[in-house]
Amino acid sequence: MAIKRIGILTSGGDAPGMNAAIRAVTRTAIYNGFEVRGIMRGYRGLVTGEIKEFTSSSVSNIIQQGGTILKTARCQEFTTPEGRKQAYENMKAAGIDALVVIGGDGSLTGAETFAREFDVPIVGLPGTIDNDLGGTDSTIGYDTALNTIMEAVDKLRDTASSHERLFFVEVMGRNAGFLALNSAIASGAEAAIIPEIETEVDQLAELISTGFRKSKNSAIVLVAESPKTGGAMGLAERVKKEFPEYDARVTILGHIQRGGSPTAVDRNLASRMGAAAVEALMEGQRNVMIGIKNGELVYVPIRKALSHEKTINRKGLDLVKILSI
Ligand code: ADP
């Protein structure tokens with residue numbers, strides 16, 4: 001069946017650049033003769049039927065805004081077959097033939113299931129600051145979050161060096177250390193403690209044993225928020241008990257990392273990916289995510305994007321150590 005009307009939604013955690021993606025999908029779709037509907041609050045809007053007509057001016061003046069004009073939510077009903085059936089019925093009632101879903105791994109898991117169950121053409125866009133989706137070098141929002149963390153660490157560095165302290169800075173990343181590792185490199189931190197190598201070495205003991213104090217009087221350690229790392233609080237507790245000679249402090253950046261105007265890198269990525277999502281639907285692609293590999297846009301089966309096959313580059317960890325001697 002030919003696609004006439006495309007629905008767009010943003011789901012799960014918000015990420016800077018989602019608006020740029022919404023704009024690109026909307027305008028590319030209209031340019032190519034499609035009608036567009038904006039679905040509010042992620043899958044919740046499909047389940048409740050909160051669907052709006054989108055014109056070119058619906059997405060005016062949003063490329064520079066963080067967050068998402070479509071709002072986002074977590075929707076428990078959509079994880080049940082009954083909820084998804086309701087969503088399908090509302091989608092059909094609104095005349096929507098295909099969906100573009102912008103979100104992280106939870107949202108794309110839902111998209112994959114929905115596409116299979118109801119034979120709906122769906123294209124996903126990787127919208128998450130965590131960069132934890134497979135088949136793509138980067139995700140929409142990741143670069144902005146890296147910059148936000150880097151700026152925060154630059155400020156902490158002033159007080160860390162004045163007080164000669166050990167600072168643990170906790171960043172997001174669920175089970176992925178991309179944010180922690182790459183913001184550590186960008187901010188010249190002394191170490192990154194990430195979930196991927198939890199079982200291999202005691203990263204804290206290693207850090208202390210290298211005696212960072214020999215050449216430095218302060219240290220900043222980027223810690224990925226994860227039970228596997230113990231988080232910044234867990235590490236500070238350990239320092240208190242096991243290495244009481246150090247004065248450890250904790251900063252948890254939290255949701256600050258999700259906000260802000262997207263960087264040029266994220267706006268360009270979101271614009272290119274948004275346009276590519278519409279082109280993918282025109283080519284008859286379904287159940288794929290748009291990814292970027294070595295600068296080129298690629299189609300990644302959503303299943304593959306969710307496989308957690310993307311691994312952290314261990315050389316990056318070595319680099320943090322080498323550059324902070
Ligand atoms: P993110 O997309 O940022 O990873 P979540 O993990 O919270 O965010 O997922 C967002 C939404 O996607 C959930 O609230 C739910 O509606 C939907 N979702 C997540 N996992 C599934 C699943 N296994 N089946 C169906 N829908 C899901």
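Counting starts at 1 for both ligands and their atoms, following the listed order.
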Distance filter under 4.0 Å to [X] heavy atoms, resulting ligand 1 atoms:
X     : result
Phe78 : 16 (O), 25 (C), 26 (N)
Arg74 : 3 (O), 5 (P), 7 (O), 8 (O), 14 (O)
Tyr43 : 12 (O), 16 (O), 17 (C)
Gly12 : 1 (P), 2 (O), 3 (O), 8 (O), 10 (C)

(message) Just to be sure I'm reading this right: ignoring hydrogens, which of Gly42, Ala87, Gly13, Gly110 gets closest to atom 3 (O) of ligand 1? Compare them by their nearest heavy atoms.
(response)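 Residue with the shortest heavy-atom distance to the ligand atom: Gly13.
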(request) Return the option from Gly124, Gly103, Cys75 holding the heavy atom at the smallest distance from atom 16 (O) of ligand 1. (result)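 Considering heavy atoms of Gly124, Gly103, Cys75, the nearest to atom 16 (O) of ligand 1 sits in Cys75.
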(message) Could you check whether Lys4 pairs with Asp97 (Lys NZ or Arg NE/NH1/NH2 to Asp/Glu carboxylate O, under 4.0 Å)?
(response)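 No, no charged N to carboxylate O under 4.0 Å.
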(message) Taking distance alone, with N or O pairs closer than 3.5 Å, would you say Ser107 contacts ligand 1?
(response)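 The answer is yes, given that Ser107 and ligand 1 share an N or O pair closer than 3.5 Å.
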(message) Under 3.5 Å between any N/O of Gly104 and any N/O of ligand 1: does that happen in this structure?
(response)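 Yes - when backbone and side-chain N and O of Gly104 are compared with those of ligand 1, one distance drops under 3.5 Å.
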(message) Quick check: is Tyr142 connected to Ile102 through a chain of hydrophobic side chains (ILVMFWY, heavy atoms under 4.5 Å apart)?
(response)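 Not linked; separate clusters.
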(request) Check for a donor-acceptor pair, side chain of Asp130 on one end and backbone N or O of Asp132 on the other, with a separation under 3.5 Å. (result)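 It does not hold such a pair.
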(message) Using a 4.0 Å heavy-atom cut-off, which part of Thr109 comes near ligand 1: side chain, backbone, both, or neither?
(response)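 The answer is the side chain of Thr109.
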(request) Tell me, please, whether Tyr246 has Lys240 positioned over its six-membered ring: NZ or CZ under 6.0 Å from the ring centre and within 45 degrees of its axis? (result)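 No - Lys240 does not lie over the ring of Tyr246 by the 6.0 Å and 45° rule.
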(request) Taking atom types as modelled, find out whether Arg267 and Ser261 have a side-chain donor-acceptor pair closer than 3.5 angstrom. (result)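 A pair is found: one side chain offers a donor N or O, the other an acceptor, under 3.5 Å apart.
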(request) If you have a sec, work out which protein heavy atom is nearest atom 18 (N) of ligand 1 and how many Å separate them, to one decimal? (result)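 Looking at atom 18 (N) of ligand 1, the protein heavy atom closest to it is Gly106 O, 3.3 Å.
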(request) Could you check atom 11 (C) of ligand 1 against the protein and tell me its nearest heavy-atom contact, residue, atom and distance included? (result)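 Ranking protein heavy atoms by distance from atom 11 (C) of ligand 1, first comes Ser11 OG, 3.6 Å.
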(request) Run the contact test for Thr128 against ligand 1 with a 4.0 Å cut-off on heavy atoms, strictly below, and give the result. (result)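 Distance cut 4.0 Å: Thr128 fails for ligand 1.
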(request) Specify the closest pair of heavy atoms between Ile312 and Glu196, including all atoms of both residues, with the distance to one decimal. (result)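 Heavy atoms only, the tightest pair is CD1-OE2, 3.7 Å.
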(message) Other residues, nucleotides and ligands only: do more than 12 of their heavy atoms fall within 6.0 Å of NZ on Lys304?
(response)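 No, not enclosed.
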(message) Who clusters with Tyr43? Use side-chain heavy atoms, under 4.5 angstrom, across I, L, V, M, F, W and Y, and order the result by chain and number.
(response)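 Once heavy-atom contacts under 4.5 Å are chained together, Tyr43 belongs with Leu9, Ile39, Leu46, Val47, Ile51, Phe78, Tyr88, Met91, Ile96, Leu99, Val101, Leu108, Phe114, Phe118, Val120, Ile122, Leu133, Met289, Val298, Val300, Ile302, Leu306.
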